[in-house]
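Worksheet: one structure, shown below.
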2 protein chains.
Amino acid sequence: MIKKEKIPKVTIHRMAVYLQVLEDLDREGEDVISSSKLAELCGVNPSQIRKDLAYFGEFGVRGVGYFIKDLIGSIKHFLGLDHVWNCAIVGIGNLGRAILRHKGLPYKGFRIVGAFDCDPFKIGEKVGELEIICTRRLKEKAKELKIEIAIITTPPERAQRAANHIVEAGIKAIVNFAPARISVPEDVIVDYVDFSTHLIYLSFNLARTKGKNI
Amino acid sequence: MIKKEKIPKVTIHRMAVYLQVLEDLDREGEDVISSSKLAELCGVNPSQIRKDLAYFGEFGVRGVGYFIKDLIGSIKHFLGLDHVWNCAIVGIGNLGRAILRHKGLPYKGFRIVGAFDCDPFKIGEKVGELEIICTRRLKEKAKELKIEIAIITTPPERAQRAANHIVEAGIKAIVNFAPARISVPEDVIVDYVDFSTHLIYLSFNLARTKGKNI
DNA sequence: GACTGTGAAACAATTCACAGCG
DNA sequence: CGCTGTGAATTGTTTCACAGTC
């Protein structure tokens, strides 16, 4: 089912976009879509979509297009979203709380089952359903709660320490929101999300077009 | 000063990473760094750094490396960060509030000067220094507050409407946190930040390595 | 001697163009 | 006929390797 070829990271990111758009179409009651229509909605080239999907198999019908419900199912399957992933948040500041309160995640297949922080004043406090636990207890709790993904939302200077606890606990996947690089063994996957990086991209473009006096 | 060649988007994103790491080094009192040391800290190849920098000019000293303070200044300059950008947040939910309360942004050159929402129950409420204003007043306020960048943090179904108000107001740059595609005229730059996309990337990799029974 | 800056080589991703199929 | 799936062509990015400079 899953081809051996190496799949580019951008393909996976686009896949997530296709899924989002397909689920919207499904809710609107659409049944079938062609690669060109979907491409338009996603802002990409139609053959890009066909190539991306081809990494995983053949899902379309020639002359017709793709059946939306089926395609959603297939994409979810090969992205590993037909399974609920247990996640922990490490660092309960503003961002950590916003993620904990976010309603959309469980629906997408990610359940937050643990909230960790090293600040003794926060430990024991309740955020929604969860009680904040000391980060030093991450290892013990990771087993109990079957945590598979950790989300770092600490200040940058504490990101590496958080990462160490996460690695210690045997968790193999990290999303790091802290604006700091972290180093981990190479069997641990890290994905960085840095908000200011995106603002900087806009800053660069605005500064450029201003210079060109458009 | 600025070369004409088209600069890849990934280069700009890496640039932001280099800046982050260089500022850390500067705080630690380092003066000079070579491309290979910096590469190691950023997790990239040394010639990548040299190529990236070469898009903008020559900043290094052969046989020595880069003077950290100077390089920080140069990078900030060509990324447009020697200017403070006025930003507006549209959609004051959990994430919007977390960004409003975030202390790091002003230091990085982004000041949030307006908070907008269309919920009449929220209008007038104070979040930190700012009072929530009706999104319909965005156009009028954009001029007054000299807003250059808009940040969408609405629920997905309201993202397009928010984008329309933003475009109406003459703002040319948008960061969209809502998990929905938006369509805008082509002179408006949009950058998408979708948290769940990153979780999905991890999901895919975990599902894969599980399959490989490593 | 050490390290940058950069053409050239290697590699990767995207788009084209069309054969093949419903 | 319309649309997918895909090899081939194109375009873009990364890495190499070394000449040039401090």
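Summarising the geometry, atom CD1 belonging to B:Ile89 is positioned 10.5 Å from atom CD1 belonging to B:Ile147; distances are rounded to the nearest 0.5 Å. B:Glu28 contributes atom CD, which lies 12.5 Å from atom CD of B:Glu23 (distance to the nearest 0.5 angstrom).
One finds a side-chain N or O of B:Tyr66 lying less than 4.0 angstrom from the OP1 or OP2 phosphate oxygen of C:dG5.
One can place CD1 of A:Ile49 at 14 Å from C1' of D:dG5, the figure rounded to the nearest angstrom. Here C:dA12 presents its C1' atom at 14 Å from CG of A:Asp52, a figure rounded to the nearest Å. Computed from coordinates, the B:Gln48 CD to C:dT4 P distance equals 15 Å when rounded to whole Å. Here D:dT13 presents its P atom at 11 Å from CD1 of B:Ile7, a figure rounded to the nearest Å. Between B:Phe67 atom CZ and C:dC3 atom P the separation is 13 Å, expressed in whole Å. The distance from atom OH of B:Tyr55 to atom C1' of C:dT4 is 17 Å, rounded to the nearest whole Å. In this structure, B:Leu53 places its CG atom 17 Å from P of D:dT13, rounding to the nearest Å. Summarising the geometry, the separation between CZ on B:Arg50 and C1' on C:dA2 is reported as 11 Å, rounded to the nearest angstrom.
In the set D:dT13, C:dC16, C:dT14, D:dT13 carries the atom at the smallest distance from any side-chain atom of B:Val10. Each of D:dT13, C:dG22, C:dT6 was ranked by its minimum atom distance to the side chain of A:Val61; first place goes to C:dG22.
Inter-residue side-chain proximity for B:Ile92 and B:Val127 is flagged as met; some heavy-atom pair is nearer than 4.5 Å.
Mapped onto DNA chain C by nearest heavy atom, A:Pro8 and A:Val64 fall at different nucleotides, with A:Pro8 at the one closer to the 5' end. Each of A:Thr11 and A:Arg62 was matched to the nucleotide of DNA chain C holding its nearest heavy atom; the match closer to the 5' end belongs to A:Thr11.
If you check distances only, the side chain of B:Lys51 does reach the base of D:dT15 with a donor-acceptor pair under 3.5 Å.
Under the 6.0 Å distance and 45° angle rule, A:Arg181 counts as a cation-pi partner of A:Tyr192.
Side-chain N/O atoms of A:Asn164 and A:Gln160 include a donor and acceptor closer than 3.5 Å.
Evaluation of the side chain to side chain donor-acceptor pair (under 3.5 Å) rule for A:Arg158 yields no partner, not counting sequence neighbours.
Of the residues in residues 29-46 of chain A, A:Ser34, A:Ser35 come within less than 4.0 Å of DNA chain D through at least one heavy atom, sorted by number.
Contact check on A:Arg14 versus A:Asp52 returns a salt bridge, with a Lys/Arg side-chain nitrogen under 4.0 Å from an Asp/Glu carboxylate oxygen.
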